[in-house]
Peer 1: 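Before anything else, here's the structure in question.
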Amino acid sequence: MVPRALFSAPAEHFALWRPHLLAAFAAEGLDVALTDDPAGPWTFDYLIYRPGGPVADFSPFSRLKAVLSLWAGVEDIVGEPTLTVPLCRMVDEGLTRGMTEWVAGHVLRYHLGIDAHLAGQDGVWRNGVVPPLASDRTVGLLGLGELGRAVAAALAGLGFDVRGWSRRARAVPGVESAAGEVGLEAVLRASDILVTLLPATPATENLLDARRLALLPEGARLINPGRGSLVDDDALLAALDAGRLAHATLDVFREEPLPPGHPFWAHPRITVTPHVASETRPETAAEAIARNIALGERGLPFLNVVDRAAGY
Ligand SMILES: NC(=O)c1ccc[n+]([C@@H]2O[C@H](COP(=O)([O-])OP(=O)(O)OC[C@H]3O[C@@H](n4cnc5c(N)ncnc54)[C@H](OP(=O)(O)O)[C@@H]3O)[C@@H](O)[C@H]2O)c1
């Protein structure tokens, strides 16, 4: 019997994804009946999921083999009690490359002091401040998962002194890595620029609170493309207002879209980007979905299954 897959996402996404998914199914030798119409939930074998679509309750989907998330972050559904089949998160080369490029760009903005030159187009020749080499700048990376490891490797490749931190100790070539609270504090103390690529889980909620932000060196910068819940917003604002932290670039927020009146928008030491660090790109990510359906159809274990207890 031909497996049936429901695409559950905001309506405009289906037209974008459909041709790429069909091409990826064909490349895997799969015949899949793909639709965005959730009628007859008990007939579906797979649910391709992005937040904001029509499905919130998974209980009527009685023959589902897996839910395949289009996003790497799964905090929206990982705790959903009606979801009892494997939940697979998105791991995709395009997503990883996008994040690597975005983080590298924002790290280099800070490292090279680009803002001073953008603001200094006034006829005054200021050549007194030369940026140090990357090897003289320490970048801390909280999270050494699929994205964090790629970002760490790229920054180390540029010559930065990269220190990484994760739940379990990870070996990343060219990167000094740590785990545990003591390891976290050591990374924070060393980081001229701190990048957060952790998932939103109960254990990472407000990880960067006032105490831990205070461990960063004077004048440090924060780049958060992970999740808004990682940072205590008030503690961050206080550290920036006091000049303890020089600047923050924030891509993700507790409430998205970030409300127009939110203090982050107008803060002179904050750059807001609208959750654009890395988008899941159908051109490459459709293959990841097709690969998992092909595994499921052969009765093999799915890839990138979320650890429900850990929440990511
Ligand atoms: N802004 C954007 O556009 C965008 C795009 C994609 C993803 N994201 C965010 O990026 C996050 C990371 O994605 P990924 O694919 O790299 O995820 P991943 O492969 O699951 O990696 C997560 C990393 O975080 C670490 N971690 C998790 N909980 C921790 C804890 N309590 N203490 C210390 N370390 C912890 C993990 O440690 P272990 O290595 O020990 O497991 C792992 O190194 C996503 O969850 C999402 O929130 C944002």
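All figures in this text were calculated on a predicted structure; none of them were measured in a lab. Residues take their numbers from the sequence shown, with the count starting at 1. All heavy atoms count here, side chains included; hydrogens, waters and symmetry mates do not. As the structure lists them, so they are numbered: ligands from 1, and atoms in each ligand from 1.
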Peer 1: Quick check: does Ala203 get an N/O under 3.5 Å from an N/O on ligand 1?
Peer 2: no
Peer 1: With distance as the sole test, does Trp165 use its side chain to make a donor-acceptor pair with the main-chain N or O of Gly180 at under 3.5 Å?
Peer 2: yes
Peer 1: Tell me, which protein residue and heavy-atom name are nearest atom 34 (N) of ligand 1, and how many Å apart are they?
Peer 2: Arg167 N, 2.9 Å
Peer 1: With ring centroids as reference points, do Phe160 and His111 lie under 6.0 angstrom apart?
Peer 2: yes
Peer 1: Of all the atoms in ligand 1, which lie at a distance below 4.0 Å from a heavy atom belonging to Ser166?
Peer 2: 33 (C), 34 (N), 37 (O), 39 (O), 43 (O)
Peer 1: For the side chain of Thr273 and the backbone of Val276, is there at least one donor-acceptor N/O pair under 3.5 Å apart?
Peer 2: no
Peer 1: Below 3.5 Å, N or O to N or O, backbone or side chain included: is there any such pair between Gly226 and ligand 1?
Peer 2: yes
Peer 1: Of the protein's non-hydrogen atoms, which lies at the shortest distance from atom 28 (N) of ligand 1, and what is that distance?
Peer 2: Tyr312 CE2, 3.7 Å
Peer 1: Which residue supplies the protein heavy atom nearest to atom 40 (O) of ligand 1, what is that atom called, and how far is it?
Peer 2: Arg168 N, 2.7 Å
Peer 1: Heavy-atom contacts with Arg227 under 4.0 Å: which atoms of ligand 1 show up? List them by number with element.
Peer 2: 8 (N), 9 (C), 46 (C), 47 (O), 48 (C)
Peer 1: Is there a chain of hydrophobic side chains (I, L, V, M, F, W, Y, each step under 4.5 Å between heavy atoms) that links Leu70 to Val74?
Peer 2: no
Peer 1: Quick one: does ligand 1 sit under 4.0 Å from the side chain of Thr204, the backbone, both or neither, non-hydrogen atoms only?
Peer 2: side chain
Peer 1: Measure the distance from atom 22 (C) of ligand 1 to every protein heavy atom, then report the residue, atom name and distance (to 0.1 Å) of the closest one.
Peer 2: Pro199 CD, 3.8 Å
Peer 1: Which ligand 1 atoms are under 4.0 Å away from a heavy-atom of His275?
Peer 2: 1 (N), 2 (C), 3 (O)
Peer 1: Identify, by atom number and element, the atoms of ligand 1 in contact range of Gly145, meaning under 4.0 Å from any of its heavy atoms.
Peer 2: 16 (O), 18 (P), 19 (O), 21 (O), 23 (C), 42 (C), 43 (O)
Peer 1: Quick one: list whatever passes ring pair (Phe, Tyr, Trp, His ring centres under 6.0 Å) with His247, sequence neighbours left out.
Peer 2: Tyr110
Peer 1: Among all protein non-hydrogen atoms, which one is nearest to atom 16 (O) of ligand 1, and what is the separation to 0.1 Å?
Peer 2: Leu147 N, 2.9 Å
Peer 1: With backbone taken as N, CA, C and O and side chain as the heavy atoms from C-beta onward, which portion of Asp251 lies under 4.0 Å from ligand 1: side chain, backbone, both, or neither?
Peer 2: side chain
Peer 1: Does any N/O atom on Glu279 come nearer than 3.5 Å to any N/O atom on ligand 1?
Peer 2: no
Peer 1: Arg89 near ligand 1, heavy-atom distance under 4.0 Å?
Peer 2: yes
Peer 1: In terms of residue, atom name and distance, what is the protein heavy atom nearest to atom 4 (C) of ligand 1?
Peer 2: Met99 CE, 3.4 Å
Peer 1: Can you report which non-hydrogen protein atom sits closest to atom 11 (C) of ligand 1, along with the distance?
Peer 2: Leu198 O, 3.8 Å
Peer 1: Please find out if less than 6.0 Å separates the ring center of Trp102 from that of His275.
Peer 2: no
Peer 1: Give the residue and atom name of whichever protein heavy atom lies nearest to atom 43 (O) of ligand 1, and the separation in Å to one decimal.
Peer 2: Leu144 N, 2.9 Å
Peer 1: Near Ala277, which atoms of ligand 1 are under 4.0 Å from a heavy atom of that residue?
Peer 2: 1 (N), 2 (C), 3 (O)
Peer 1: For ligand 1, which is the ligand I care about here, please tell me if Val276 has any N or O atom under 3.5 Å from one of the ligand's N or O atoms.
Peer 2: no
Peer 1: Knowing that exactly one of Arg254, Arg308, Arg227 qualifies, which makes a salt bridge (Lys or Arg N to Asp or Glu O under 4.0 Å) with Glu75?
Peer 2: Arg227
Peer 1: For the pair Trp17 (side chain) and Glu283 (backbone), establish whether a donor and an acceptor sit closer than 3.5 Å, ignoring hydrogens and angles.
Peer 2: no
Peer 1: Numbering the atoms of ligand 1 from 1, which are under 4.0 Å from a heavy atom of Val252?
Peer 2: 1 (N)
Peer 1: Pick one: which of Asp307, Ile77, Leu47, Leu68 meets side chain to side chain contact (heavy atoms under 4.5 Å, CB included) with Leu87?
Peer 2: Ile77
Peer 1: Answer yes or no: is there a donor N or O on one side and an acceptor on the other, between the side chain of Asp45 and the main chain of Arg4, under 3.5 Å?
Peer 2: yes
Peer 1: Hey, is ligand 1 close enough to Gly73 that some N/O pair sits below 3.5 Å?
Peer 2: no
Peer 1: Between the main-chain N or O of Glu279 and the side-chain N or O of Arg281, is there a donor-acceptor pair closer than 3.5 Å?
Peer 2: yes
Peer 1: Of the options Leu198, Leu222, Leu184, which is the one that meets Leu208 in a side chain to side chain contact (heavy atoms under 4.5 Å, CB included)?
Peer 2: Leu222
Peer 1: Please identify which atoms of ligand 1 are closer than 4.0 Å to at least one heavy atom of Trp165.
Peer 2: 32 (N), 33 (C), 34 (N)
Peer 1: Evaluate side-chain contact (heavy atoms from CB on, under 4.5 Å) for Val252 paired with Asn224, printing each intermediate quantity in order.
Peer 2: CA-CA 7 Å; Val252 281; Asn224 181 19; 3.8 Å; yes
Peer 1: Looking only at distance, does Glu75 have an N or O less than 3.5 Å from an N or O of ligand 1?
Peer 2: no
Peer 1: Please check this pair: side chain of Thr204 against backbone of Pro199, looking for a donor-acceptor N/O pair closer than 3.5 Å.
Peer 2: yes
Peer 1: If we only count N/O pairs under 3.5 Å, is Thr201 in contact with ligand 1?
Peer 2: no
Peer 1: Between Thr82 and Phe58, is there a donor-acceptor pair closer than 3.5 Å when you use the side chain of the first and the backbone of the second?
Peer 2: yes
Peer 1: Number the atoms of ligand 1 from 1 as they appear, then name those within less than 4.0 Å of a heavy atom of Ser278, with their elements.
Peer 2: 2 (C), 3 (O), 5 (C)
